[in-house]
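As structure tokens, the structure follows; a few thoughts come after it.
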2 protein chains.
Amino acid sequence: MAEATPGYELPLQLFAAFRTIIDAAHADLAEAGHPDVKPMHGFVFQAIGARGTTAVELGVRLGVSKQAAGKTIAGLEKQGYVERATDPGDARRKIVRLTAKGIDMLTVSARSFDRIQAQWAETVGPERLAALQADLRALAPGELFRLDVPGWFNGER
Amino acid sequence: MAEATPGYELPLQLFAAFRTIIDAAHADLAEAGHPDVKPMHGFVFQAIGARGTTAVELGVRLGVSKQAAGKTIAGLEKQGYVERATDPGDARRKIVRLTAKGIDMLTVSARSFDRIQAQWAETVGPERLAALQADLRALAPGELFRLDVPGWFNGER
DNA sequence: CCATATAGTAAACCAGGTTGTCGAACATGG
DNA sequence: CCATGTTCGACAACCTGGTTTACTATATGG
């Protein structure tokens with residue numbers, strides 16, 4: 001039983017699927033009043049979480065340096081999605097928290113991802129989707145939240 | 001039947017799987033004498049193709065400006081993967097062609113992708129992998145060869 | 001023959017990543 | 001109680017790759 005498809009199609013299919021989800025979620029976000037968010041911001045907000053975080057912690061979660069995390073935070077702060085407050089218990093730390101706008105974005109994107117997942121479950125059947133996710137987990141184990149994507153895609157090996 | 005996983009995990013899993021394949025392929029490439037190629041370059045080489053192209057055309061295919069395409073070409077030329085020749089029929093154009101090294105890189109990566117696919121088939125079973133690919137085709141229809149990935153990643157919306 | 005369009009290049013800038021350095025604030029051992 | 005070490009955040013310098021603007025050289029069509 002030889003492969004029906006050349007091996008290079010598999011990564012392209014995976015990426016196309018990823019891209020399809022991101023584009024759909026982005027369409028939802030633009031419609032819900034967040035037209036200026038970039039593809040990966042939803043994941044960044046997910047990593048920040050409702051309880052807030054710090055630059056160092058965010059860097060660890062995203063798999064990037066604390067400086068890069070700091071830059072990202074600065075940018076999101078300028079756009080009004082997060083705010084920084086000093087930690088009363090530790091004057092070195094600055095707690096990064098989502099603003100109301102950021103929380104709204106997180107809510108919308110979470111709802112959008114759920115909607116897309118449900119739609120996919122409807123398309124191929126819930127058990128097929130569950131099998132797909134189980135297989136993906138088996139085939140690509142490890143940390144899910146590696147958002148050093150630009151650096152990875154263009155970067156060193 | 002609620003989803004076992006939050007919806008945002010699905011795109012992350014898809015991307016992680018994509019990234020796993022790309023990383024494995026580049027490990028193979030490094031071993032085969034191409035240690036300095038980046039993930040993006042596979043798309044670029046695919047866009048150049050065996051017949052060659054020009055900077056403007058490459059920019060269109062990759063979804064970036066002709067200047068960005070020109071920069072990429074310059075970098076690949078310096079690394080010896082492509083070469084530029086003047087078009088005898090139009091002195092403005094410069095035809096970009098893969099060198100033997102570039103073609104070797106394509107060959108190695110194609111073999112690598114086949115190997116990874118076969119390994120995945122072994123891991124989850126050929127029929128599960130076939131089902132996964134069939135589902136991906138159903139869920140993310142449309143053009144597989146959308147090479148405007150560089151522009152899409154960092155691009156607006 | 002000239003006006004316009006196209007190919008390629010260059011400069012200045014931006015985004016986002018890296019490493020290195022540093023000061024301020026905390027933690028801890030002597 | 002203080003000296004030392006560590007952690008957090010910030011800054012600077014640099015890299016890659018993208019953008020816009022501007023320019024030259026070459027084609028091409030009215």
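Hydrogens, waters and symmetry mates are skipped; everything else that's a heavy atom, side chains included, is used. Convention: sequence-line order gives letters A, B, ...; per-chain numbering from 1.
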* **Rounded distance (nearest 0.5 Å) linking atom CD of B/Glu83 with atom CD1 of B/Ile95** => 11.0 Å
* Stretch residues 82-91 of chain A: residues that reach within less than 4.0 Å of DNA chain C through a heavy atom -> A/Asp90, A/Ala91
* Check the surroundings of atom CD in A/Glu127: do more than 12 heavy atoms from other residues, nucleotides or ligands lie under 6.0 Å from it? => yes
* **Test log, rule ring pair (Phe, Tyr, Trp, His ring centres under 6.0 Å), inputs B/Tyr81 and B/His34** => CA-CA 10 Å; B/Tyr81 285 106; B/His34 300 283; 5.7 Å; yes
* To do: Check the distance between C/dG23's P and A/Lys66's NZ and give it to me in whole angstrom.
  => 14 Å
* **Nearest-nucleotide 5' precedence on DNA chain C, B/Thr53 against B/Lys71** => B/Thr53
* **Any residue meeting side-chain hydrogen bond (donor to acceptor under 3.5 Å, both in side chains) with A/Arg92, in chain and number order, not counting sequence neighbours** => A/Asp90
* **A/Leu98, A/Val37, A/Leu76 screened by side-chain contact (heavy atoms from CB on, under 4.5 Å) with A/Met105, the one that passes** => A/Val37
* Measure the distance from CD on B/Glu57 to P on C/dG8 and round it to the nearest whole Å. => 9 Å
* Asked: If you look at every strand shown and take non-hydrogen atoms under 4.0 Å, does B/Ala68 touch a base, only sugar-phosphate, or nothing?
  -> base
* To do: Starting at atom CG of A/Leu58, determine the distance to atom C1' of D/dG9, rounded to an integer number of angstrom.
  => 13 Å
* Do B/Phe18 and A/Phe18 have ring centroids that are under 6.0 Å from one another? -> no
* Does the side chain of A/Thr5 pick up a donor-acceptor pair with the side chain of B/Gln117 at under 3.5 Å? -> yes
* Phosphate-side-chain proximity, B/Ser65 and D/dG17, N/O vs OP1/OP2 below 4.0 Å -> no
* **Separation of atom CD1 in B/Ile73 from atom P in D/dG18, rounded to whole Å** => 11 Å
* Salt-bridge test for A/Asp28 and A/Arg115: reply yes if a basic N is under 4.0 Å from a carboxylate O, no otherwise. => yes
* Less than 6.0 Å separating the ring centroids of A/Phe43 and A/Phe113? -> yes
* To do: Would you kindly give the NZ-to-P distance between A/Lys38 and D/dT19, to the nearest whole Å?
  => 12 Å
Could I get a table of every N or O pair under 3.5 Å where one atom is in the protein and the other is in nucleotides 2-7 of chain D?
unit_1	atom_1	unit_2	atom_2	d
D/dT7	O2	A/Arg92	NH1	2.8

* Could you tell me the separation between the CZ atom of A/Arg93 and the C1' atom of C/dA27, rounded to a whole number of Å? => 14 Å
* Separation of atom CD in A/Gln67 from atom C1' in C/dG17, rounded to whole Å -> 10 Å
